[in-house]
Peer 1: 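Below you'll find the structure I mean.
We number each residue from 1, following the sequence as shown. Excluded from the calculations below are hydrogen atoms, water molecules and symmetry mates; all remaining heavy atoms, backbone and side chain alike, are included.
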Amino acid sequence: MAACVASKWSMAVSRSLLGNLSSNNLGSLGKPQDLTSLGYNGLFFQQLRTFIQMRTKLKVVDNSGAKWVRCIQALKGRKGARLGDTIIASVQEAQPRGKVKKGEVVYGVVVRAAMPRGRCDGSEIKFDDNAVVLVNKQGEPIGTRVFGPVPHELRKKKHLKILTLAEHIA
């Protein structure tokens, strides 16, 4: 019974992934090289990491009261924001008695980005999530603590106060 359910489910998933092919055509696909003949190039399951741009949802990693923000605009960049760049964001979710409230428009500095960034020594740094620290217009952090790792590239971007508040510098 379980094998029957699994085979029906796998047929439905493979049918939806391959563009609703008929069951006759799907039955003839026995080997992986047949998928490449249909135009499958292997990049379907890889997630492309890009800049932080408009409508990107970011995690807030300080104790300012916000939990999630959505990027409105990336400052100083046409494509988007990277590590250390300043963005304008709207607070999507906030704690009840925090310094910022839901719906407020705030400034933030990107401290973690999923997009890889090359370093001077030839290594590459990337994080699992996109995270931001909320700052005021002068660039000073709103919160008093920064959680999680923060890259040392923020030193070049003149965000030394964020580095001093961070618990771990990567």
Peer 1: Can you name the side chain to side chain contact (heavy atoms under 4.5 Å, CB included) partners of Pro96, sequence neighbours left out?
Peer 2: none
Peer 1: For Ala131 and Val61, work out which heavy atoms get closest and say how close.
Peer 2: CB-CG1, 3.7 Å
Peer 1: Running the 4.5 Å side-chain criterion over Ile, Leu, Val, Met, Phe, Trp and Tyr, what cluster does Phe147 land in, apart from itself?
Peer 2: none
Peer 1: Quick one: side chain to side chain donor-acceptor pair (under 3.5 Å) partners of Thr164, sequence neighbours excluded?
Peer 2: none
Peer 1: What residues, two or more places apart in sequence or in another chain, satisfy side chain to side chain donor-acceptor pair (under 3.5 Å) together with Lys102?
Peer 2: none
Peer 1: Other than Ile52, which residues form its hydrophobic cluster under the rule that side-chain heavy atoms must be closer than 4.5 Å?
Peer 2: Leu58, Val60, Val69, Ile87, Val91, Val100, Val106, Val110, Val132, Leu134, Ile142
Peer 1: Would you mind listing the cluster partners of Met115? Hydrophobic ones only (ILVMFWY), side-chain contacts under 4.5 Å, chaining allowed.
Peer 2: Phe51
Peer 1: Starting at CZ of Arg55, measure out to OG of Ser90 and round the result to the nearest 0.5 Å.
Peer 2: 10.5 Å
Peer 1: Quick one: side chain to side chain contact (heavy atoms under 4.5 Å, CB included) partners of Glu93, sequence neighbours excluded?
Peer 2: Lys67, Trp68
Peer 1: Quick check on Lys126: does its NZ atom have over 12 non-hydrogen neighbours (other residues, nucleotides or ligands) under 6.0 Å away?
Peer 2: no
Peer 1: Considering residues, nucleotides and ligands other than Asp128, do more than 12 of their heavy atoms fall under 6.0 Å from its CG?
Peer 2: no
Peer 1: Quick check: closest heavy atoms across Leu154 and Ile162, and the distance to 0.1 Å?
Peer 2: CD1-CG2, 4.0 Å
Peer 1: So, for Ile88 and Tyr107, which heavy atoms are closest and what is the spacing to 0.1 Å?
Peer 2: CG1-CE2, 3.8 Å
Peer 1: Using modelled atom types and a 3.5 Å cut-off, is there a donor and acceptor pairing between side-chain atoms of Lys161 and backbone atoms of Lys158?
Peer 2: no
Peer 1: To the nearest 0.5 angstrom, please state how far the OG atom of Ser64 sits from the CD atom of Gln95.
Peer 2: 8.0 Å
Peer 1: Test of understanding: clusters of I, L, V, M, F, W, Y form through side-chain heavy atoms closer than 4.5 Å, transitively. Do Leu165 and Ile169 belong to the same one?
Peer 2: yes
Peer 1: Can you tell me if Arg70 has over 12 outside heavy atoms packed within less than 6.0 Å of its CZ?
Peer 2: yes
Peer 1: Could you pull out the closest heavy-atom pair between Ala81 and Ala74, with the gap in Å?
Peer 2: N-CB, 3.7 Å
Peer 1: Quick check: closest heavy atoms across Phe127 and Val111, and the distance to 0.1 Å?
Peer 2: CE1-O, 4.2 Å
Peer 1: Please identify each residue that fulfils salt bridge (charged side-chain N to carboxylate O under 4.0 Å, His left out) with Lys157, with sequence neighbours left out.
Peer 2: Asp85
Peer 1: Is the closest side-chain heavy-atom distance between Val146 and Pro141 below 4.5 Å?
Peer 2: no
Peer 1: Salt bridge (charged side-chain N to carboxylate O under 4.0 Å, His left out) with Arg119: which residues, sequence neighbours excluded?
Peer 2: Glu153
Peer 1: Scan for salt bridge (charged side-chain N to carboxylate O under 4.0 Å, His left out) pairs involving residues 104-114, sequence neighbours excluded, and state none if there are none.
Peer 2: Arg112-Asp129
Peer 1: Test of understanding: with side chain to side chain donor-acceptor pair (under 3.5 Å), list the residues that count as partners of Asn63, not counting sequence neighbours.
Peer 2: Thr144
Peer 1: Name all residues meeting the side chain to side chain donor-acceptor pair (under 3.5 Å) criterion together with Arg117; count only those two or more places apart in sequence or in a different chain, and write none if there are none.
Peer 2: none
Peer 1: At their closest point, which heavy atom of Asp62 faces which heavy atom of Gly143, and how far apart are they?
Peer 2: OD2-N, 4.0 Å
